[in-house]
Novice: 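Before I ask anything, let me first share the structure, which is written out below as structure tokens.
Every chain is numbered from 1 and lettered A, B, ... according to where its sequence line falls, protein lines coming before strand lines.
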Amino acid sequence: MSEKEFRRSMAVLPMGTVMLLTSLTARQIRYYDDCGLVVSKRTDSNRRLYSLDNVDRILEVKDYIKEGMNIEQIKRVYEKQKHRRDNKLSNSRKGVSDTRVREYLHDDIMKAGGFNVNNNPQFKQGHL
DNA sequence: CTTCTAACA
DNA sequence: TGTTAGCA
């Protein structure tokens, strides 16, 4: 792991900072956290600590919600990505090309990520 | 003063 | 989600 990756994974940001960086309320951040959408760390005094990667994830969750997805749907997105990571690891050990893995990845994101006809401006409603 | 949990409008 | 109480 590079030093850059290491620093981004360092959980050192307190709630207040994450609030500023994401423009979300503490309530919302804690909620997404409790739902398991982000893996935060805790200080000895039980205070949450986030990494820059965590902030990116939170921003991602924020967008998904803006697109109309609920917590359960978002959880499925990350759960599937986790499964894909697992498969990719086992595939590389078996010498399998990950090109095919990416094919499924794209396909699943389109489904789970919800670029549904309803809120995609590219698909105007009313004349379908 | 900042954050945490729990609970209610 | 917002908000508030009561701790740490």
Novice: A:Arg8: what forms a salt bridge (charged side-chain N to carboxylate O under 4.0 Å, His left out) with it, not counting sequence neighbours?
Specialist: A:Asp53, A:Asp56
Novice: What pairs of residues pass the salt bridge (Lys or Arg N to Asp or Glu O under 4.0 Å) test when at least one of them lies in residues 19-31 of chain A, not counting sequence neighbours?
Specialist: none
Novice: Can you list, by residue number, the residues of residues 7-21 of chain A that have a non-hydrogen atom closer than 4.0 angstrom to DNA chain C?
Specialist: none
Novice: Tell me whether the NZ or CZ atom of A:Arg57 lies within the 45° cone about the ring axis of A:Tyr32 and under 6.0 Å from its centre.
Specialist: no
Novice: Could you go through A:Leu37 and A:Tyr31, starting from their C-alpha distance and side-chain angles, then the distance that decides it, and tell me whether this counts as side-chain contact (heavy atoms from CB on, under 4.5 Å)?
Specialist: CA-CA 9 Å; A:Leu37 264 30; A:Tyr31 182 54; over 6 Å; no
Novice: Between residues 30-46 of chain A and DNA chain B, which residues have a heavy-atom gap below 4.0 Å?
Specialist: A:Arg30, A:Arg42, A:Asn46
Novice: With a cut-off of 6.0 Å (strictly less than), are more than 12 heavy atoms of other residues, nucleotides or ligands near OH of A:Tyr78?
Specialist: yes
Novice: Who are the salt bridge (charged side-chain N to carboxylate O under 4.0 Å, His left out) partners of A:Lys82, not counting sequence neighbours?
Specialist: A:Asp86
Novice: Restricting to side-chain hydrogen bond (donor to acceptor under 3.5 Å, both in side chains), what partner residues turn up for A:Arg42, sequence neighbours left out?
Specialist: A:Asn46
Novice: Does a side-chain N or O of A:Arg48 approach OP1 or OP2 of B:dT3 to a distance below 4.0 Å, or not?
Specialist: no
Novice: Sequence neighbours excluded, which residues qualify as side-chain contact (heavy atoms from CB on, under 4.5 Å) partners of A:Glu79?
Specialist: A:His83
Novice: Which residue pairs pass the side-chain hydrogen bond (donor to acceptor under 3.5 Å, both in side chains) test when at least one of the two sits in residues 14-25 of chain A, sequence neighbours left out?
Specialist: A:Thr25-A:Gln28
Novice: Apply the test side chain to side chain donor-acceptor pair (under 3.5 Å) to residues A:Ser40 and A:Asn54: give CA-CA distance (whole Å), side-chain angles for both, the deciding distance (0.1 Å), then the verdict.
Specialist: CA-CA 7 Å; A:Ser40 65; A:Asn54 287 158; over 6 Å; no
Novice: Just jot down the side-chain contact (heavy atoms from CB on, under 4.5 Å) partners of A:Glu5, sequence neighbours excluded, or say none.
Specialist: A:Met1, A:Ser2
Novice: Would you grab the first and last nucleotide of DNA chain C (5' to 3') that comes under 4.0 Å of any non-hydrogen atom in chain A?
Specialist: C:dT1 to C:dA8
Novice: For a stem of at least 3 consecutive Watson-Crick or G-U pairs with distances under 3.5 Å, i pairing with j, i+1 with j-1 and so on, which stems involve DNA chain C?
Specialist: B:4-8 with C:2-6
Novice: Can you list everything that forms a salt bridge (charged side-chain N to carboxylate O under 4.0 Å, His left out) with A:Glu72? Sequence neighbours excluded, please.
Specialist: A:Lys75
